[in-house]
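Below is one structure, written out as structure tokens; comments come after it.
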Amino acid sequence: AELSQVKNSWQLYSDVRLLLGDDISLSAYGLKSKLTGDLYLRDQPGKTYSAEGKLDVKDGKFTLYSVELDILRGRLLFAGGPVDNPGVDFRAQRIIDKKTVGVDVSGTAQNLEFQLFSDPVMEESNILAYMMVGRSIYASEENEQSLIGAAASALGVRGVNEITSR
């Protein structure tokens with residue numbers, strides 16, 4: 001009984017600064033890149049493990065439905081909230097036939113928001129088609145349209161299913 005009282009009386013607090021050097025790599029969830037930056041990690045009894053700081057993604061590639069996109073900008077932002085839910089700021093793109101198509105990802109790790117972009121400007125369904133299969137949605141095959149429709153649903157892109165079901 002005395003030992004269990006001693007165990008319960010210990011409260012561990014931690015406040016750690018984590019500096020990432022140039023040789024840190026990440027390969028998870030379709031992301032392959034180097035990470036740089038620094039974090040302040042805090043753990044207090046009865047509170048959520050939290051973090052402050054920023055991690056930058058360098059020389060990154062992001063695989064979305066088996067398609068590799070180049071990461072132009074990638075940041076994980078920690079503002080004192082839970083360490084497992086940082087702010088997210090990513091831009092990834094692919095260039096096909098002198099067309100640039102890509103996705104901006106924002107929000108938090110647990111509530112991501114996706115915004116497609118292109119140069120020249122095109123409909124979201126076409127952006128997604130060029131990103132996924134390398135050609136216009138109107139020139140894609142039936143099995144490719146199924147893939148595009150699934151990606152559209154996952155990313156919250158509207159209007160694609162009407163086109164792919166034609």
Side-chain angles (χ1 to χ4, degrees), residues 2-96 99-119 121-125 127-128 130-132 147-160:
E2 213 172 288
L3 183 58
S4 66
Q5 288 176 342
V6 171
K7 283 184 181 179
N8 291 335
S9 67
W10 285 87
Q11 293 192 14
L12 182 63
Y13 293 79
S14 65
D15 192 1
V16 177
R17 182 174 184 201
L18 179 65
L19 292 169
L20 300 183
D22 295 331
D23 293 329
I24 305 296
S25 296
L26 173 68
S27 182
Y29 305 108
L31 176 66
K32 289 182 183 178
S33 71
K34 293 185 180 234
L35 287 178
T36 61
D38 64 296
L39 293 178
Y40 291 95
L41 303 169
R42 289 187 184 83
D43 190 19
Q44 299 176 1
K47 293 189 177 183
T48 303
Y49 197 58
S50 64
E52 289 183 35
K54 178 178 75 161
L55 297 179
D56 291 305
V57 173
K58 303 288 184 189
D59 304 320
K61 301 279 185 190
F62 180 66
T63 302
L64 179 69
Y65 288 92
S66 301
V67 176
E68 191 172 81
L69 305 172
D70 295 317
I71 296 175
L72 301 180
R73 178 185 69 240
R75 299 184 307 165
L76 297 172
L77 307 166
F78 299 84
V83 72
D84 64 347
N85 195 29
V88 175
D89 177 30
F90 278 78
R91 174 169 268 225
Q93 73 177 28
R94 179 180 184 194
I95 299 173
I96 298 145
K99 294 174 180 66
T100 302
V101 293
V103 61
D104 286 319
V105 183
S106 60
T108 65
Q110 295 175 9
N111 188 23
L112 295 174
E113 298 173 19
F114 301 92
Q115 179 68 45
L116 301 178
F117 67 88
S118 67
D119 184 23
V121 175
M122 57 181 92
E123 295 175 350
E124 284 189 328
S125 58
I127 295 171
L128 200 51
Y130 273 101
M131 197 181 320
M132 304 302 297
L147 175 68
I148 295 164
S153 293
L155 297 175
V157 176
R158 295 186 177 106
V160 174

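What you see is a predicted model; the values in this text were computed from it and never measured.
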I want to check something: taking the side chain as every heavy atom from C-beta on, are [X] and [Y] in contact at a cut-off of under 4.5 Å?
| X | Y | result |
| --- | --- | --- |
| D43 | L12 | no |
| V67 | R94 | yes |
| F117 | Q115 | no |
| V88 | L76 | yes |
| S106 | D89 | no |
| V103 | L69 | yes |
| D38 | R17 | yes |
| V16 | L39 | no |

Salt bridge [X]-[Y], side-chain N to carboxylate O under 4.0 Å:
| X | Y | answer |
| --- | --- | --- |
| R75 | D56 | no |
| K34 | D59 | no |
| K32 | E68 | no |
| D119 | K99 | no |
| D70 | K61 | yes |

Can you see which heavy atom on [X] is nearest to which on [Y], and at what distance?
| X | Y | answer |
| --- | --- | --- |
| R73 | D104 | NH2-OD1, 3.7 Å |
| S33 | G60 | CB-CA, 3.5 Å |
| F78 | P86 | CE2-CB, 3.4 Å |
| S50 | G80 | CB-O, 3.4 Å |

Distance in Å, [X] [atom1] paired with [Y] [atom2], rounded so as to fall on 0.5 Å steps:
| X | Y | atom1 | atom2 | result |
| --- | --- | --- | --- | --- |
| S14 | L41 | OG | CG | 7.5 Å |
| L18 | Y40 | CG | OH | 11.0 Å |
| I71 | Q93 | CD1 | CD | 11.5 Å |
| T36 | L20 | OG1 | CG | 7.5 Å |
| I127 | M132 | CD1 | CE | 13.5 Å |
| D23 | L35 | CG | CG | 12.0 Å |

Problem - Donor-acceptor contact below 3.5 Å, side chain S118 vs main chain M122 - result: yes

Problem - Test: R91 cationic atom under 6.0 Å from F62 six-membered ring centre, within 45° of axis - result: no

Handout entry: Worked check of side chain to side chain donor-acceptor pair (under 3.5 Å) between N85 and T108
Key = CA-CA 6 Å; N85 195 29; T108 65; 3.2 Å; yes

Problem - Step-by-step side chain to side chain contact (heavy atoms under 4.5 Å, CB included) determination, E52 to R42 - result: CA-CA 9 Å; E52 289 183 35; R42 289 187 184 83; 3.1 Å; yes

